[in-house]
Amino acid sequence: FNPIVRTCLIIQFLIASTLLSMAMLLPVFLQLVVGFSASVSGLFMIPLISSQMIASIATGNRMRRTGRYKLSPQMGFAGITLSYLLYSTMSTATPYWMIALYFMLNGLSIGLCMSPLTVAGQNASDFRDLGAFTGTSGFFRSLGGSLGAALMWSVLVFTFSRYLIDAHLGLGPEVLRGGPTALSSLPAGARHVLTPSLNHSFSTVFLLAAGIAAAGFVATCFLKEIPLRTTVAHVAEAASAD
């Protein structure tokens, strides 16, 4: 089994395990903790998506000019780890412009990672195996996204439940099902306890995501870089060379 392909699949699994969950968790955090409406929370995702697109295009152009692909995902995972650590510090007191900057850092870092991993795996695969790698790559991303989302939400609900038990409010995590409207209808004393508890629960999840991203950074250190091919020639010799 080609070691470059194996490393690319592991890294793609790790990055996908946080991307899908963050795409769902961040708008919920903005609504339940910061107090934004659903529409404003959606608008805050624009800096993340646009910066990701810009970084992805720039990374592709860099690879085309230099033929190098390892540095980009290394920098990207370092940035993703940092952005998740910054997410864990967010609260109702965090300025809106700072939240947008955190989102932009996250988007730029993601854009540095996605294209190089696919190119690296395809470049190391035999031409006849390109379809197999592409399909397997999509499977690993889907698997990572599904497992990561289940893990993140489970940790969020479990942590929040522990805070509720300690607060002796007689409430369970099902209080979140009603969204911001249900939370705003609660007594002021309950909201005074619930909001910090929910904030701490999200911080725990963001720290977990940072740990996964850090594991992805370590994995990129084992990604071997070989010259990008310009033909469909067999490249097994290059991939196995020391």
Side-chain angles (χ1 to χ4, degrees), residues 11-12 14-63 70-117 144-145 148-149 151-153 155-156 159-160 179-180 183 195-220:
I11 297 173
Q12 288 182 326
L14 290 173
I15 191 172
S17 65
T18 62
L19 289 186
L20 179 60
S21 54
M22 287 299 109
M24 295 186 293
L25 284 168
L26 288 174
V28 175
F29 172 84
L30 293 177
Q31 293 180 60
L32 297 184
V33 177
V34 182
F36 290 159
S37 65
S39 57
V40 173
S41 299
L43 289 175
F44 260 81
M45 300 301 290
I46 294 178
L48 193 156
I49 301 300
S50 58
S51 58
Q52 178 181 343
M53 179 181 63
I54 293 171
S56 182
I57 295 173
T59 301
N61 289 331
R62 176 185 175 276
M63 285 192 297
K70 182 175 180 177
L71 180 61
S72 292
Q74 284 184 314
M75 294 176 57
F77 269 102
I80 292 173
T81 304
L82 176 60
S83 64
Y84 290 159
L85 290 175
L86 292 173
Y87 284 169
S88 69
T89 67
M90 293 191 302
S91 66
T92 54
T94 305
Y96 298 164
W97 62 267
M98 190 173 292
I99 295 177
L101 285 180
Y102 294 169
F103 281 28
M104 289 181 64
L105 173 61
N106 191 204
L108 290 171
S109 303
I110 294 171
L112 290 173
C113 292
M114 301 303 291
S115 298
L117 296 174
L151 174 64
M152 300 294 177
W153 281 99
V155 170
L156 176 66
T159 307
F160 186 53
L183 292 180
T195 300
S197 299
L198 193 56
N199 197 164
H200 293 154
S201 301
F202 272 101
S203 296
T204 301
V205 173
F206 293 145
L207 288 174
L208 173 60
I212 295 175
F217 173 79
V218 173
T220 60

- Task: Check whether more than 12 heavy atoms from other residues, nucleotides or ligands sit under 6.0 Å from atom CE of M75, and answer yes or no.
- Result: no

- For M53 and I57, what are the C-alpha separation, side-chain angles and deciding distance, and is it a side chain to side chain contact (heavy atoms under 4.5 Å, CB included)? CA-CA 6 Å; M53 179 181 63; I57 295 173; 4.1 Å; yes

- Query: Out of curiosity, M90 CE to L30 CG, how far, rounded to the nearest 0.5 Å?
  - Reply: 6.5 Å

- Take L208 and T18 through the side chain to side chain contact (heavy atoms under 4.5 Å, CB included) test and state the conclusion after the steps. CA-CA 9 Å; L208 173 60; T18 62; over 6 Å; no

- Item | Shortest non-hydrogen separation from L32 to L198 and the atoms involved | CB-CD2, 3.5 Å

- Rounded to the nearest 0.5 Å, the CD atom of Q52 sits from the CG atom of L19 at a distance of 7.0 Å

- Query: Just how far is it from atom CD1 of I80 to atom CD1 of I15, taken to the nearest 0.5 Å?
  - Reply: 4.0 Å

- Of all heavy-atom pairs linking R62 and S72, the shortest is NH1-OG, 3.5 Å

- Closest non-hydrogen atom pair, P47 against L43: CD-O, 3.5 Å

Hey, can you pull the donor-acceptor pairs under 3.5 Å for the side chains in residues 101-112, sequence neighbours left out?
{"residue": "N106", "atom": "OD1", "partner": "Y87", "partner atom": "OH", "Å": "3.1"}
{"residue": "N106", "atom": "ND2", "partner": "S83", "partner atom": "OG", "Å": "3.2"}
{"residue": "S109", "atom": "OG", "partner": "L105", "partner atom": "O", "Å": "2.8"}

- Hey, what do you get for OG (S51) to CD1 (I46), rounding to the nearest 0.5 Å? 11.5 Å

- Message: Under the ring pair (Phe, Tyr, Trp, His ring centres under 6.0 Å) test against F44, which residue among W97, F29, F36 passes?
- Response: F36

- Nearest heavy-atom approach of L207 to S88 is CD2-OG, 3.6 Å

- Can you measure from CG (N199) to OG1 (T204) and round to the nearest 0.5 angstrom? 10.0 Å

- Item | With sequence neighbours excluded, residues passing side chain to side chain donor-acceptor pair (under 3.5 Å) with S56 | S115

- Message: Looking at S17 and G144, would you say the former's side chain and the latter's main chain have a donor-acceptor pair under 3.5 Å?
- Response: no

- Item | side-chain contact (heavy atoms from CB on, under 4.5 Å) involving L25 - partner list, sequence neighbours excluded | S21, M22, M152, W153, L156, F202, V205

- Message: Which heavy atom of P73 sits nearest to which heavy atom of L117, and what is that distance?
- Response: CB-CD2, 4.2 Å

